[in-house]
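Below you'll find the structure, written out as structure tokens, and then a few comments.
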Amino acid sequence: MDKNSKSYFTLFKSTFFLSAFTFGGGYVIVPMMKKKFVDEFGWLEEEEMLNIAAIAQSSPGAMAVNASILVGWRLLGLSGALVAILGTILPPFIILSAISFFYAAFRDNAVISAALKGMMAGVCAVIFDVVITMGGRIVKAKKWLPIIIMVGAFIVYYVLRVNIIYIIVFCGTLGALVSLYDKHAGKEHI
Amino acid sequence: MIYLQLFWSFLQIGLFSFGGGMAAMPLIQNQVVDIHGWLTLAEFTDLITISEMTPGPIAINSATFVGTQIAGFGGALVSTLGSILPSCIIVLSLAWLYSKYQELVVIKGVLAGLRPTVVALILSAGLSILVLAFWGSAGFTWNLASLDFIAVALFAGWLFLLRKFDLNPIVVILGSGLIGGTCYLLF
């Protein structure tokens, strides 16, 4: 495909539809983007898409938004990034605005409120499933420092109610310092 | 004033949520329920339920929902902007750094330190929702009479099925709403 076809409209349309059909958020967006921008349009090399995924993953914020910013920027510069952001956030923005608008009326309906109460237990199961998978991976890696961080962060946040932002800044800094030390000492604590 | 508060809260959520997926959930709960009281824990749980069933990242969904509830369309707009602004700046700076250095030891270290932290924070948020589902808004007690056995059975059943068969979360949540909702209406 020639360079002219990288139009703002196609970029907007692609990010809009990718966002509209990606449920639950997270890493699901990456393989879908690869399919669209690498396989279908041929706008990006597979290698570039992998780099984009790695950088998106390393940054704070929603994975889908981060990846869109990078794809848009890579293809059409700053205005491309803005178009891609717009395409990505519009579907959830529209859907949640509508739901939020009707929420009060929904919540008071006996049937819907019973269903929402039932869903609560299902959501808990989904959350604990994620925790077991992620936590299990950390325990199985058998490095003591990440395990201590996990248990420590839980106690400090859930039991001692320390400010969540302090915990994130502390653990992130600790990870950076330990990995720098590890690189110099040739060890692997983290 | 409320616009500024919404913007600032979601800016912090956008800035400190690493790890994708549910990583933003504990931060949103902290800002929206604990610090500002914009939603009750039950409303926040509904929001997570809705977010899991609709497309889009939890942070954007929450920004739109909370913003609309608190300050209408303008509230939704400033909250969403706040939640993506840190991403825009950091992601582009990292892309630039990456093109210069390729290997980013410090960033990898930060993420390695945050991975176990995020698990602990998601567990904490999950536990507070679990307590709400099992005991209601009164909170945890040892008294069995106040325990919601329907919720306990649903939770245990779905968690077992999720571990065993790797089900789609949307199926689990809808199924739980259907079965649980019927039980709550009948009993």
Heavy-atom contacts under 4.5 Å, residues 49-62 of chain A to chain B: A:N51, A:I55, A:A56, A:Q57, A:S58, A:S59, A:P60, A:G61, A:A62

CD1 on A:I138 to OG1 on B:T117, rounded to 0.5 Å: 8.5 Å

Please determine which of B:I48, B:L130, B:I50 meets the side chain to side chain contact (heavy atoms under 4.5 Å, CB included) test together with A:V123. B:I48

What part of A:V130 lies closer than 4.5 angstrom to a heavy atom of chain B: side chain, backbone, both or neither? side chain

Taking the side chain as C-beta and beyond, is there a heavy-atom pair between A:M120 and B:T49 under 4.5 Å? no

The ring pair (Phe, Tyr, Trp, His ring centres under 6.0 Å) partners of A:F128 (sequence neighbours excluded) come to B:F155

Answer whether the closest heavy-atom distance between the side chains of B:I84 and A:T88 falls below 4.5 Å. no

Which atoms of A:R137 approach chain B - backbone, side chain, both or neither, heavy atom under 4.5 Å: neither

Residues in ring pair (Phe, Tyr, Trp, His ring centres under 6.0 Å) with A:W73, at least two apart? none

When rounded to the nearest 0.5 Å, the distance separating CG of B:D46 from CE of A:M119 is 9.5 Å

Reference residue B:F16; test side chain to side chain contact (heavy atoms under 4.5 Å, CB included); the match among A:I164, A:I167, A:I165: A:I165

So for B:L167, is it side chain, backbone, both, or neither that comes closer than 4.5 Å to the heavy atoms of chain A? neither

Would you be so kind as to tabulate the donor-acceptor pairs closer than 3.5 Å made by side chains of residues 18-31 of chain B, with sequence neighbours excluded?
from: B:Q29; atom 1: NE2; to: B:S128; atom 2: OG; distance (Å): 2.8
from: B:Q31; atom 1: OE1; to: B:S9; atom 2: OG; distance (Å): 2.9
from: B:Q31; atom 1: NE2; to: B:Q12; atom 2: OE1; distance (Å): 3.3

